[in-house]
Amino acid sequence: MVANLQQSPLSGLARALVQAGRIKEAEAEALLAQAAARKTSLIEELVGAKKGTYLELARFAADKFGFPLLDLSAFDDANIQKNAIDRKLIATHRVVPLHKRGNRLAVAIADPANLRALDEIRFQTGLTVDPVIVEENKLAPLVTKLSETAEDTLRTLSSEDINLDFVDEQAQDRADEAASVEVDDAPVVRFIQKMLLDAITEGSSDIHFEPYEKSYRIRFRTDGILREVAAPPLVIKDKIASRIKVISRLNIAEKRVPQDGRMRLVLSKSRAIDFRVSTLPTMYGEKIVLRILDPTSANLGIDALGYEPEQKAVLLDAIHRPYGMILVSGPTGSGKTVSLYSCLNILNKPGVNISTAEDPAEIPLPGINQVNVDDKAGLTFPIALRAFLRQDPDIIMVGEIRDVETAEIAIKAAQTGHMVLSTVHTNDAPATLTRLMNMGIPTFNLASSILLITAQRLVRRLCNCKRALDTPTETLLDAGFLDSDLDGGWTLYGPGECERCKGSGYKGRVGLYEVMPVTEAIQRIIMANGTELDIAIQARKEGVDDLRRSGLLKVKHGLTSLEEVLGNTNA
């Protein structure tokens, strides 16, 4: 093998891996060729081929070449010597100048065998270069951020052919207003379009445009986690804000108060994505958050949401009752709206009249009469509900029960032959009943009208790169598993690391549910002014899984990690 290596064209990290027996020589040559063809790095190809994680390869390189290892996530970006190295050199060799001390420059690099990069840095700076090994997946976004100037980024974007069109229904009416503000700058328009397209491609739920005193950043919320994706120049913050506000039909001259709007992005003849736009005045400019409203999410179907078979059967039985109330509880962002829309899609038949009152209606549903609540115009939830009852409804959906008036009208509708669906912001199903009691709703009305309450959370779904974990039995029992759960030979999985999930170990989300039918026993507790604890105890006796138990079942099935469940549910 040594003789072969002496004649082999391999060098650097690839050669070191072959010598260490981590990969075969033929594999190394194939991965190098693949990296050259794809214009990626050897490390990215090694991780993609499951020859090691980014961290394992970084540790190997540090040990093999004798350089220190640094976790870039613990390093303050503000200390980076941005002007120490030419931007083209940063991009070409994927290096980042960390700090300078005297005539020595510490440089972050994933492959320390890249001697050409180190030599060019020495030649350009005249400094002694000290390589510091970092993980490639943490280095790459920093290289992207530093290697391009804002003008380069926008110039590149303006030359790209992005086939996207904004739909602005009142554009003609505001032509004069838009013309008075310099918001038609093509590079800025292209930049915004690129951000929106990237967010949609990633499956993100929100986009944050955030100005600060000396910087401007854009973050995507994907699978519930915020991640910085771009740092455009601070000088274009007003152009970005103005462009978004114009197309969302907001007042571009008003920067002192929050505003809410909506815009649409056409991706193709058959698909368009709506965005709910919210602006907020901050110390250093307007922060803008876009909520992505993908209509395809409402068509996922009840099976894709993550209900256990028993929970699904109970829910379907309840929604097909002729009248009564079904409530969905959970915090903001827990998927309540998608659950309600999925139920409405099941009920949406030609012979059924369905009306919804929402603030605002997030996803258009053909065949359903959707009303946007507007408090300023006097169209409140109670007024919309009263109007619905004069419109011969079969099914009514109320976006949220916020006050006693809305609750009273909704309950009366449920008692007079209508099916009513709504949401309440509570932590679990039993708390929903006590919340309504505390509002002042008579207990006999609650007991006679509410059919079922569902509480839910969203947890991240493990990617295909998940890895088996060896966890002590005591830890599993402390988490809430029963002795009977530990029999039967199942595997506990944790997050892995691959290109598909960008090293996070998670891809997509799955729901945890507590589906509690209001049985006769629970009705008696309500009538007796029972507490939340009394209701919860009775629900457990009847076999209702709480959110923690539902999450542990998802762990047992290998859908999510124990860490995710423990972080999103109470014991």
Side-chain angles (χ1 to χ4, degrees), residues 1-73 88-96 107-121 129 131-148 201-202 462-468 493-507:
M1 176 63 72
V2 174
N4 289 339
L5 280 173
Q6 289 175 348
Q7 299 174 3
S8 171
L10 294 177
S11 62
L13 183 59
R15 181 185 180 90
L17 288 166
V18 173
Q19 287 179 328
R22 298 283 294 264
I23 58 173
K24 295 180 180 179
E25 184 176 349
E27 290 176 324
E29 291 175 351
L31 289 171
L32 281 170
Q34 196 166 290
R38 296 181 177 179
K39 296 183 180 180
T40 59
S41 69
L42 172 63
I43 293 174
E44 288 176 326
E45 297 301 330
L46 286 165
V47 172
K50 297 187 177 179
K51 300 299 180 181
T53 65
Y54 289 111
L55 180 57
E56 289 170 349
L57 292 170
R59 285 175 175 166
F60 173 82
D63 181 65
K64 185 69 177 178
F65 294 92
F67 295 123
L69 178 67
L70 173 69
D71 182 2
L72 260 184
S73 61
K88 291 183 180 179
L89 194 59
I90 291 174
T92 303
H93 294 300
R94 303 169 76 86
V95 294
V96 170
V107 175
I109 191 168
D111 184 357
N114 189 351
L115 300 179
R116 180 184 171 189
L118 302 178
D119 288 342
E120 287 192 27
I121 294 171
V129 177
V132 178
I133 309 302
V134 297
E135 296 156 77
E136 172 74 23
N137 60 325
K138 295 179 180 178
L139 178 66
L142 199 53
V143 167
T144 302
K145 181 178 177 180
L146 297 177
S147 61
E148 292 184 328
T201 303
E202 277 194 22
L462 285 170
C463 180
N464 294 336
C465 64
K466 62 186 179 183
R467 55 191 178 88
Y493 289 98
E497 190 174 324
C498 71
E499 284 300 307
R500 180 174 178 266
C501 62
K502 301 186 186 304
S504 70
Y506 298 94
K507 188 68 175 177

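Residues take their numbers from the sequence shown, with the count starting at 1. Computation of the quantities below employed the complete heavy-atom set of this structure, encompassing side-chain atoms and omitting hydrogens, waters and symmetry-equivalent molecules.
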*May I ask you to decide if Pro495's main-chain N or O and Arg467's side chain share a donor-acceptor pair within less than 3.5 Å?*
yes

*Ile23 side chain near Val18 side chain, heavy-atom distance below 4.5 Å*: yes

_Interatomic spacing from NZ in Lys51 to CG in Leu42 - rounded to 0.5 Å_ = 12.0 Å

_Closest heavy-atom pair and its distance - Leu462, Gly494_ = CD2-C, 3.7 Å

*To the nearest 0.5 angstrom, please state how far the CD atom of Glu44 sits from the CG atom of Leu31.*
12.0 Å

For residues 52-69, which side-chain donor-acceptor pairs fall under 3.5 Å, sequence neighbours excluded?
unit_1: Thr53; atom_1: OG1; unit_2: Glu56; atom_2: N; d: 3.1
unit_1: Tyr54; atom_1: OH; unit_2: Glu499; atom_2: OE2; d: 2.0
unit_1: Glu56; atom_1: OE1; unit_2: Thr53; atom_2: N; d: 3.0

_Straight-line distance of Arg22 CZ to Glu27 CD, nearest 0.5 Å_ = 12.0 Å

*Which value, rounded to the nearest 0.5 Å, describes the distance between Glu29 atom CD and Gln34 atom CD?*
13.5 Å

*State, to 0.1 Å, how close Pro131 and Ile109 come at their nearest heavy-atom pair, and which atoms those are.*
CB-CG2, 4.1 Å

*asked:* Could you work out, with side chain to side chain contact (heavy atoms under 4.5 Å, CB included) as the rule, every residue matching Ser504, not counting sequence neighbours?
replied: Cys501, Tyr506

*What is the minimum heavy-atom distance between Leu72 and Lys138, and which atoms define it?*
CD1-O, 3.6 Å

*What distance separates Ile121 CD1 from Ile90 CD1, expressed to the nearest 0.5 Å?*
8.5 Å

*Taking all non-hydrogen atoms of both residues into account, name the closest pair between Ala117 and Val95 and its distance.*
CB-CG1, 4.4 Å

*Only counting residues at least two apart or in another chain, list the ones meeting side chain to side chain donor-acceptor pair (under 3.5 Å) with Lys466.*
none

_Sidechain N-carboxylate O distance under 4.0 Å for Arg94, Asp111_ = no

*Distance in Å, Leu17 CG paired with Leu46 CG, rounded so as to fall on 0.5 Å steps*: 6.0 Å

